[in-house]
Amino acid sequence: PLVFFFYCYRAVLDLLLVVWGLRVLCVLLCVFLDIKNRFGRLDVLFNNAGVNVPSTIFGDLTYSEWKNTVDINLTGVFLCMKHQIKLMLENKFGRIVNVSSMAGTYGFSRGSSYSATKHGVIGLTKSAAIEYGSENIRVNSVCPGFVQTKILDDIPDYVLDFNKKYRVPMKRIGKPEEVAESICWLLSEKSSFTNGEKVTIDGLRVNFKDGWGLLRASNTTPKLVLRFEAKSPARLKEIQDMFLVQLKKIDESINIELS
């Protein structure tokens with residue numbers, strides 16, 4: 001009976017997922033049909049989607065958390081691009097910009113699902129750019145660093161402070177309007193020979209070794225002050241040890257103060 005119940009439950013769940021997926025596809029189809037009926041064509045599109053699972057290591061990531069991130073960040077972009085390109089082909093003209101992330105250019109701890117999807121966005125962008133460049137359809141992506149948006153609410157203050165002090169030469173977080181300007185440029189004809197690119201907008205975020213080198217060049221005995229926060233003493237100790245080990249690998253003489 002339990003096995004029968006399990007299979008019935010799975011069957012109902014699978015059916016609901018199919019229905020939900022069809023509902024999303026129908027909504028998208030209606031949106032692009034409405035665009036065609038109202039305007040007759042589609043010239044430029046900006047695909048922006050970004051959700052993350054708050055600070056979860058890979059082993060603790062659940063399937064539902066993974067699927068939610070992939071569905072929004074990657075599958076959402078894929079589905080929109082399919083309809084967008086179909087409309088753009090009718091007029092042999094189109095400009096698309098997808099939002100990836102600095103996390104789409106390398107991996108990072110406690111963000112595997114987010115990083116995977118943003119890598120995927122870059123792959124989609126480059127592949128579509130190759131396939132439709134001859135049709136006068138350009139597809140590019142932007143890779144913002146830390147930008148002052150709601151998604152930063154999930155990132156601990158000590159991580160943002162560390163990046164501002166030691167990894168971004170401009171010593172600050174980016175502004176949404178700075179990313180918007182780059183997107184507008186990519187959608188305009190001022191970027192007419194730019195296709196399949198990932199434009200990084202992160203204030204030249206460098207690895208810590210380079211950032212530390214800049215400090216050493218200006219100050220022979222700089223002190224690195226680190227402030228950590230965690231939900232428990234054990235987690236706090238884990239974070240501190242992780243940072244200390246990595247920093248000592250870079251420079252044994254680093255003067256570190258924990259606060």
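For the numbers below, each heavy atom of this structure counts, side chains included, while hydrogens, waters and symmetry mates do not. Computed from a predicted structure; not experimentally measured.
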What's the shortest heavy-atom distance between [X] and [Y], and which atoms?
X	Y	answer
Leu74	Gly120	CD1-C, 3.5 Å
Asn195	Gly133	ND2-CA, 4.0 Å
Thr194	Asn140	O-ND2, 3.0 Å
Phe146	Ile173	O-CG2, 3.2 Å
Gly203	Pro169	O-CD, 3.6 Å
Gly104	Ile122	O-CD1, 3.3 Å

For residues [X] and [Y], determine if any side-chain heavy atom of one lies less than 4.5 Å from a side-chain heavy atom of the other.
X	Y	result
Thr200	Met102	no
Cys80	Leu28	yes
Val168	Asp202	no
Met88	Leu45	yes
Asn136	Arg95	yes
Ser113	Leu61	yes
Ser100	Cys143	yes

Pair [X], [Y]: side-chain N/O donor-acceptor within cut-off below 3.5 Å:
X	Y	answer
Arg138	Ser191	yes
Thr117	Asn73	yes
Thr62	Glu65	yes

With rounding to the nearest 0.5 angstrom, report the [atom1] to [atom2] distance, [X] to [Y].
X	Y	atom1	atom2	result
Trp66	Tyr114	CH2	OH	14.0 Å
Lys198	Ser101	NZ	OG	11.5 Å
Ile96	Leu124	CD1	CG	10.5 Å
Asn98	Lys118	CG	NZ	9.0 Å

In this structure, would [X] and [Y] fall into the same cluster of hydrophobic residues linked by side-chain contacts under 4.5 Å?
X	Y	result
Val77	Ile72	no
Phe58	Val70	no
Leu87	Phe78	yes

What side-chain donor-acceptor pairs closer than 3.5 Å can you find for residues 31-40, not counting sequence neighbours?
from: Asp34; atom 1: OD1; to: Arg38; atom 2: NE; distance (Å): 3.1
from: Asp34; atom 1: OD2; to: Arg38; atom 2: NE; distance (Å): 2.8
from: Lys36; atom 1: NZ; to: Glu90; atom 2: OE2; distance (Å): 3.2
from: Asn37; atom 1: ND2; to: Leu33; atom 2: O; distance (Å): 3.2

**side chain to side chain contact (heavy atoms under 4.5 Å, CB included) involving Leu89 - partner list, sequence neighbours excluded** =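 Partners of Leu89 by the side chain to side chain contact (heavy atoms under 4.5 Å, CB included) criterion, ordered by chain and then number, come out as Ile85, Tyr132, Glu135, Ile137.
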
**Request:** Apply side chain to side chain contact (heavy atoms under 4.5 Å, CB included) to Glu181 and list each qualifying residue two or more places apart in sequence or on a separate chain.
**Result:**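 Checked Glu181 against side chain to side chain contact (heavy atoms under 4.5 Å, CB included); zero matches.
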
**Item:** Remaining members of the apolar cluster that contains Val179, side-chain heavy atoms under 4.5 Å
**Value:**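 The other cluster members (ILVMFWY side chains, heavy atoms under 4.5 Å, direct or chained) are Val44, Phe46, Val97, Val99, Val142, Val147, Ile183, Trp185, Leu186, Leu187, Val199, Ile201.
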
**Asked** Who else is in Tyr63's hydrophobic cluster (ILVMFWY, side-chain heavy atoms under 4.5 Å, direct or via others)?
**Response**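 ILVMFWY cluster around Tyr63 holds nothing else.
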
**Prompt:** Does Glu178 pair with Arg172 as a salt bridge, N-O distance under 4.0 Å?
**Reply:**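 Yes.
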
**Prompt:** Under the ring-ring contact (aromatic ring centres under 6.0 Å, His included) test, which residues partner His119, sequence neighbours left out?
**Reply:**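 ring-ring contact (aromatic ring centres under 6.0 Å, His included) list for His119, sorted by chain: empty.
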
**Message:** If we ignore hydrogens and angles and just use 3.5 Å, is the side chain of Ser115 paired with the main-chain N or O of Gly111 as donor and acceptor?
**Reply:**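 The answer is no, because no donor-acceptor pair under 3.5 Å joins these two groups.
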
